[in-house]
Structures are given as structure tokens and as C-alpha cells.
Amino acid sequence: IAGITQAPTSQILAAGRRMTLRCTQDMRHNAMYWYRQDLGLGLRLIHYSNTAGTTGKGEVPDGYSVSRANTDDFPLTLASAVPSQTSVYFCASSPDKRAGELFFGEGSRLTVL
Amino acid sequence: AQSVTQLGSHVSVSEGALVLLRCNYSSSVPPYLFWYVQYPNQGLQLLLKYTSAATLVKGINGFEAEFKKSETSFHLTKPSAHMSDAAEYFCAVSAYYGGSQGNLIFGKGTKLSVKP
């Protein structure tokens, strides 16, 4: 049982570089989400997608972009990384946007120097 | 708009003692409420959820939570702490009610330590 797979698990990146965090789910869930987790701030929503072909902005979208070409994949791209984007990133999915319950990946730890 | 507040960023209990993690919510509509647990270097796992059925909700690992509308609370309890309960716990409220996004809004988390 795979659920949600995130890659890479950890990455150190120079400021100004482009980086894509990958997220793949095998549960055929319609809705997918990207959160960042920072000490003392909990989890904050970056972007979301209610269904393939649609995306929306969350609480902290600046500096990030997403795409949802199909049901299974939801990559998160940092076009030009900055140190404030150092964080742990979690991808999550839900059967549909009304379901509430989210299923999480194991996270990607990103350090921007 | 929905929000949650977790009281206490860090709670420490002795093994065998009662665990009480506090969560208060704000919602203009009947909320769906959740507790998640995060073990070190892992993603979040659902402990339990309230979706307007029974007000006392039982979850995994002996945890339960009671929805109290009059107090706008959804506190998490466990009668007897075990060393394996040491983790960070997040309360969350569903952001969906006719809105465009169906994500969860999370509290800032409470780290539970269990002393032998």
C-alpha cells in the first residue's frame, strides 16, 4: 500500500535555483494539497487542487506554483528558491473536497542556503 | 471563517497519567473537526474525527475527543499515557462549506512528552 509518495525526502538547495517537489498518489483521490510545516506555525496551505485540471491558491502561495495534469500527480515548483522557503513540505489528498479527512505523505525536507 | 486554537505548545505527563490536549475552534457553521498525530520525521496520521454524529468520538490508540458546542471545544484525551504516545498532535477544522477549497485548517500543534 503506497498511498502518497513524495520525492525527494530531503534536499539542500542554493538560493535562486529552481526546484520541483514531486507528489504521486495511488488512491484515485480527486483533491490534493500542499502544506508547509514550520516550527511554531503548524501547517499552512500553499496550493490545492479539487480535481485534475484545476488548482487554487492557499494561505501562503507566493513563490510556489503547482500543476495537476492528471489525477495522480501534483508537483510543487519553487521557481527561484529563497531561504525563507526552508521548511518541511507535505503533500496530502482527499477523496473529494468535502470529505475533510486528509491522507499525508511522509514529507520533503527542503533547506535553501 | 474557521480556525482552531491549541492551548499549550508542549504538554508533559508521566507514563500512566491522563493525557488532555486542548483545542478550541471557531466556525460560523457546524464544523467537522479532526485530531492528527505526527511522530518524528513522519507525515500526519488521523487519530479521530467528528462529523456531526456522536459528540464523543473514539479514535485509534485509546484516544477519544468530545465535541462541546457550548464551549466550542474538541479536547483530546487518553486515560493512561504510554511512552509510545510521545508525538506532536494537531487539531484541525474543515474549511469546506460552499467554499472553493476543502482543505483542513490546522492548529499550531501540541508536543506531548511522556516521562517514565
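Bear in mind that the values here come from a model prediction, so they are computed numbers and not experimental data. The sequence lines fix the lettering, A, B, ..., with proteins before strands; numbering per chain opens at 1.
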Could you state whether [X] and [Y] fall into the same hydrophobic cluster, counting links through intermediate Ile, Leu, Val, Met, Phe, Trp or Tyr residues with side-chain heavy atoms under 4.5 angstrom apart?
X: B:Phe106; Y: A:Ile46; value: no
X: A:Tyr64; Y: A:Tyr48; value: no
X: B:Val37; Y: A:Phe103; value: no
X: A:Tyr35; Y: B:Tyr32; value: yes
X: B:Tyr89; Y: B:Tyr50; value: yes

Checklist entry - What part of A:Arg44 lies closer than 4.5 angstrom to a heavy atom of chain B: side chain, backbone, both or neither? => result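 For A:Arg44, neither part sits under 4.5 Å from chain B.
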
Checklist entry - Does any heavy atom of chain B fall under 4.5 Å from the side chain of A:Gln6, the backbone, both, or neither of them? => result neither

Checklist entry - Which atoms of B:Leu46 come close to chain A, meaning under 4.5 Å heavy atom to heavy atom: side chain ones, backbone ones, both, or neither? => result side chain

Next on the checklist: Taking side chain as everything from C-beta outward and backbone as N, CA, C, O, which of these in B:Gln6 sits under 4.5 Å from a heavy atom of chain A? Side chain, backbone, both or neither.
Outcome noted: neither

Next on the checklist: Rounded to the nearest 0.5 Å, what separates atom CZ in A:Phe104 from atom OH in B:Tyr36?
Outcome noted: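 One gets 5.5 Å once the value is rounded to the nearest 0.5 Å.
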
Checklist entry - More than 12 heavy atoms of other residues, nucleotides or ligands under 6.0 Å from CG of A:Leu39: is that the case? => result no

Checklist entry - Take atom CD1 in A:Ile12; do more than 12 heavy atoms of anything else shown fall under 6.0 Å from it? => result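 Not more than 12 within 6.0 Å, no.
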
Checklist entry - With side chains defined as the heavy atoms from C-beta onward, is the minimum distance between B:Leu104 and A:Tyr33 less than 4.5 Å? => result no

Checklist entry - If you look at every heavy atom in B:Gln38 and A:Phe90, which pair is closest and at what distance? => result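 Looking at all heavy atoms of both residues, the closest pair is NE2-CZ, 3.2 Å.
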
Checklist entry - Which one, A:Gly40, A:Gly56, A:Ser49, leads in non-hydrogen pairs under 4.5 Å with chain B? => result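 Max contact count across the listed options: A:Gly40.
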
Next on the checklist: Out of B:Gln45, B:Lys111, B:Lys108, return the one with the most heavy atom pairs under 4.5 angstrom to chain A.
Outcome noted: B:Lys108

Next on the checklist: Between A:Arg109 and B:Asn41, is the side-chain contact (heavy atoms from CB on, under 4.5 Å) condition met? List the steps.
Outcome noted: CA-CA 9 Å; A:Arg109 182 175 296 274; B:Asn41 300 313; 3.9 Å; yes

